[in-house]
Asks: 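Here you go, one structure.
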Amino acid sequence: MANNLKTSKKREERDFFERVYDIVARIPEGRVTTYGAIARHLGTGGSARLVGWALNKTLAGDRSLLPCHRVVNRNGELTGKAWFGGDIMEQLLRSEGVTFDKQGRVKMSVHLWEP
DNA sequence: AGAATGACACAGA
DNA sequence: CTCTGTGCCATTC
């Protein structure tokens with residue numbers, strides 16, 4: 001019997017992460033979004049932390065496919081810069097045309113993008 | 001099953 | 001505008 005009654009319940013990484021993955025992957029070049037904006041579209045609203053946490057998980061899987069460097073906090077600061085190691089995150093954003101203010105923060109008023 | 005953690009957000013001072 | 005404290009929701013041990 002090749003009938004699988006178990007129907008593989010492997011949807012552990014499906015639900016929350018895939019949604020974050022999908023949105024972040026849709027961020028256009030030269031634009032940035034915030035964790036709160038993503039969380040809001042996920043329906044989790046106040047679970048902005050989960051978004052960052054989700055990236056951490058995806059980071060262990062396919063980080064190259066996920067432009068997480070375009071995801072910043074509400075302050076426009078590159079919180080995940082530490083995860084990239086060095087100023088790679090800033091370099092990437094600048095390379096895409098993202099501008100920073102004197103405080104080293106992304107100009108949210110200019111590059112803020114919402115899903 | 002409960003406690004602890006986490007790449008934030010928001011409100012108040 | 002900046003800083004501090006609290007809450008959110010899901011995952012992990």
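Just so we're on the same page: letters track the sequence lines, and every chain starts at 1. FYI, side chains are in, hydrogens and waters are out, and symmetry mates aren't considered; it's all heavy atoms of this structure.
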Asks: Please determine which of A/R31, A/H111, A/H69 meets the side chain to side chain donor-acceptor pair (under 3.5 Å) test together with A/E96.
Replies: A/H69
Asks: Please tell me which of the listed nucleotides, B/dC10, B/dA7, C/dT11, lies nearest to the side chain of A/F17?
Replies: C/dT11
Asks: Taking the minimum atom-to-atom distance to the side chain of A/W53, which one of C/dT11, B/dA7, B/dA9 wins?
Replies: C/dT11
Asks: Hey, quick one: are A/L92 and A/V106 part of the same hydrophobic cluster, counting side-chain heavy atoms closer than 4.5 Å, chains of contacts allowed?
Replies: yes
Asks: Return no unless some side-chain N or O of A/K57 is found under 4.0 Å from OP1 or OP2 of B/dA7.
Replies: no
Asks: Can you tell me if the side-chain N/O atoms of A/Q103 get under 4.0 Å from OP1 or OP2 in C/dC1?
Replies: no
Asks: A/Y35 OH to C/dA10 P: how many Å, rounded?
Replies: 19 Å
Asks: Counting the atoms with a prime plus P, OP1 and OP2 as sugar-phosphate, which does A/E77 contact under 4.0 Å by heavy atoms, base, sugar-phosphate, or nothing?
Replies: nothing
Asks: Against A/V51, only a single residue in A/T33, A/L42, A/V24, A/I23 fulfils side-chain contact (heavy atoms from CB on, under 4.5 Å); can you say which?
Replies: A/L42
Asks: Calculate the interatomic distance between A/L93 atom CG and B/dA7 atom C1'; express it in whole Å.
Replies: 14 Å
Asks: Please figure out whether A/R105 or A/A48 has its closest DNA chain C nucleotide nearer the 5' end.
Replies: A/R105
Asks: Please report, rounded to the nearest Å, how far the P atom of C/dC1 is from the NZ atom of A/K102.
Replies: 16 Å
Asks: Nearest to the A/L50 side chain among B/dA7, C/dT12, C/dA10, which nucleotide is it?
Replies: C/dA10
Asks: Any idea which of B/dA9, B/dA7, C/dC9 is nearest the A/S47 side chain?
Replies: C/dC9
Asks: Looking only at the aromatic ring of each residue, does the gap between the centers of A/W53 and A/F17 stay below 6.0 angstrom?
Replies: yes
